[in-house]
There are 2 protein chains.
Amino acid sequence: MTISEVSEKYGLPADTLRYYEKVGLIPPVTRKESGVRDYTPEDCGWVEFIKCMRGAGLSIETLTRYVALYRKGNRTLKQRKQLLIDEREHLQERMKQMQQVLKRLNYKIDMYEKEIVACEKKLLG
Amino acid sequence: MTISEVSEKYGLPADTLRYYEKVGLIPPVTRKESGVRDYTPEDCGWVEFIKCMRGAGLSIETLTRYVALYRKGNRTLKQRKQLLIDEREHLQERMKQMQQVLKRLNYKIDMYEKEIVACEKKLLG
DNA sequence: ATATTACCTGGAGTTAACTCTAAGTCAAGC
DNA sequence: GCTTGACTTAGAGTTAACTCCAGGTAATAT
């Protein structure tokens, strides 16, 4: 697959795909002899994984660390697992905070509804 | 309360508190005659609210719009409510995505555990 | 053969959200 | 009366994560 096809498929600009590769967020992409990128299904898998993780807020710095470990092979299994455990922890904390904010927004929206009704009553009365 | 007390209380740097006020993220803070900030409980309430909303990922741009509407008075009740409804929607989308990533992380961590066990068995056998 | 189009690289520019600096003011302690 | 320390401002600098640009190459259409 060409870079523009991958861009289309995952909704990421080609510039971003090149950037991700440059900083080591995905392993080096397969190339044609001419030097043009030719994404294999595995390359695509990395793109999908990284897009997903970035979408949940994992930092580029963290994800490049993960990819670097992956590229070192089997002896980094434990470190990779630990990295994912740490990130899961952060994720859960953020979700917990967001849950509280959600409740607060619900409450505020409710208050606004009541206040709007009260205001309209006053204007009619 | 002085700016350093508020900074301490909410864990936000004094510079950040000034910045928030400068960009309209919180309404202008009460001042002493000398021009020094002297946060009232209401000023503190805004700091707490903004800290909370920022923590959940609401943008400064969005929150300044909210504060600007608030400062226009009662006739912006409906717009404020709508803004909060929109933000709640975004928040829920992000939470949903994070929920999926959480599941994926759980799965991967599990796979790593199995793979580590398998590796260790091989080394012992 | 030439023109177009999609790709390449290195590096500069952008945006959001701070964070820091310099130069100045003001109240309190010695 | 002078120094110290916490405050003030405007504006410059930083960081993460892109995003764009200039100049060049390679394959394709005419």
Side-chain angles (χ1 to χ4, degrees), chain A residues 1-40 43-44 46-47 49-68 87 90-91 94 97 101, chain B residues 1-40 43-44 46-47 49-68 87 90-91 94 97 101:
Chain A
M1 274 183 120
T2 69
I3 198 167
S4 55
E5 284 163 347
V6 175
S7 166
E8 172 77 12
K9 182 167 182 184
Y10 296 107
L12 290 172
D15 270 329
T16 300
L17 290 171
R18 288 194 203 96
Y19 168 71
Y20 279 1
E21 187 180 349
K22 181 154 66 176
V23 300
L25 198 49
I26 55 176
V29 170
T30 314
R31 306 285 182 124
K32 289 184 195 161
E33 280 152 52
S34 58
V36 172
R37 287 175 185 81
D38 185 19
Y39 290 77
T40 63
D43 294 326
C44 286
W46 275 105
V47 171
F49 174 66
I50 290 299
K51 185 201 159 128
C52 179
M53 293 297 139
R54 287 286 304 129
L58 278 73
S59 76
I60 285 187
E61 191 271 329
T62 301
L63 292 168
T64 56
R65 247 184 315 122
Y66 179 78
V67 174
E87 288 311 306
H90 295 154
L91 189 61
R94 273 180 285 147
Q97 194 180 3
V101 170
Chain B
M1 274 183 121
T2 69
I3 198 167
S4 54
E5 284 163 347
V6 176
S7 166
E8 173 77 12
K9 182 168 181 184
Y10 295 106
L12 290 172
D15 270 329
T16 300
L17 290 170
R18 289 194 202 95
Y19 167 71
Y20 279 0
E21 187 180 350
K22 180 155 67 175
V23 300
L25 198 49
I26 56 176
V29 170
T30 315
R31 307 284 184 125
K32 289 184 194 162
E33 280 150 52
S34 57
V36 172
R37 286 174 185 81
D38 185 19
Y39 290 76
T40 64
D43 293 326
C44 286
W46 276 105
V47 171
F49 174 66
I50 290 299
K51 186 202 158 125
C52 179
M53 294 296 139
R54 288 286 305 129
L58 277 72
S59 75
I60 286 187
E61 191 271 329
T62 301
L63 291 168
T64 56
R65 247 184 315 122
Y66 179 78
V67 173
E87 288 310 306
H90 295 155
L91 188 61
R94 271 181 287 147
Q97 193 179 3
V101 170

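So that the names make sense, note that chain A is the first sequence line, chain B the second, and so on, each numbered from 1.
Ion pairing between B:Lys9 and B:Glu5 fails under the 4.0 Å rule for side-chain N and carboxylate O.
Within the structure, every side-chain polar atom (N or O) of A:Arg18 is placed at least 4.0 Å from both OP1 and OP2 of C:dA6. For B:Tyr19 and C:dC20, the shortest distance from a side-chain N or O to OP1 or OP2 is not below 4.0 Å. Neither OP1 nor OP2 of C:dA16 sits under 4.0 Å from any side-chain N or O of B:Ser59. Under 4.0 angstrom from either OP1 or OP2 of D:dA17 there lies no side-chain N or O belonging to A:Tyr20. Phosphate proximity of D:dC7 to B:Ser4: present, with a side-chain N or O under 4.0 Å from OP1 or OP2. Residue B:Arg54 places at least one side-chain N or O under 4.0 Å from the OP1 or OP2 atom of C:dA17. The phosphate of C:dC7 (OP1 or OP2) has no side-chain N or O of A:Ser34 nearer than 4.0 angstrom.
Note on B:Lys22: a base of the nucleic acid sits closer than 4.0 angstrom, heavy atoms only.
Along DNA chain D, the nucleotide nearest to A:Pro13 and the one nearest to B:Arg31 differ in position, and the one closer to the 5' end is contacted by B:Arg31.
Under the side chain to side chain contact (heavy atoms under 4.5 Å, CB included) test applied with A:Ser7, the options A:Leu17, A:Thr16, A:Asp15 reduce to a single match, A:Leu17.
Here the C1' atom of nucleotide C:dA27 and the CD1 atom of B:Ile3 are 18 Å apart, to the nearest Å. For the pair A:Asp15 CG and C:dG10 P, the interatomic distance rounds to 14 Å; values are reported in whole Å. The distance between atom CG of A:Leu17 and atom P of C:dC8, rounded to the nearest whole Å, is 10 Å. Atom P of nucleotide C:dC18 and atom OH of B:Tyr10 are separated by 17 Å, given to the nearest angstrom. In this structure, CD1 of A:Ile50 is placed 15 Å from C1' of D:dC18, rounded to the nearest angstrom. Rounded to whole Å, the distance from CG on B:Leu58 to P on C:dA16 is 15 Å. Between B:Leu12 atom CG and C:dA17 atom C1' the separation is 13 Å, expressed in whole Å. Summarising the geometry, the separation between NZ on B:Lys51 and C1' on C:dA17 is reported as 16 Å, rounded to the nearest angstrom.
In this structure, B:Arg37 contributes its side chain and B:Arg18 its backbone to no donor-acceptor pair below 3.5 Å.
Listed nucleotides C:dC18, D:dC7, D:dT8 differ in distance to B:Arg37; the shortest reach to its side chain belongs to D:dT8.
Under the rule for a ring-ring contact (aromatic ring centres under 6.0 Å, His included), B:Tyr39 has no partner lying at least two apart in sequence or in another chain.
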Can you list the steps and then say if B:Tyr66 with B:Leu58 is a side chain to side chain contact (heavy atoms under 4.5 Å, CB included)?
CA-CA 11 Å; B:Tyr66 179 78; B:Leu58 277 72; over 6 Å; no

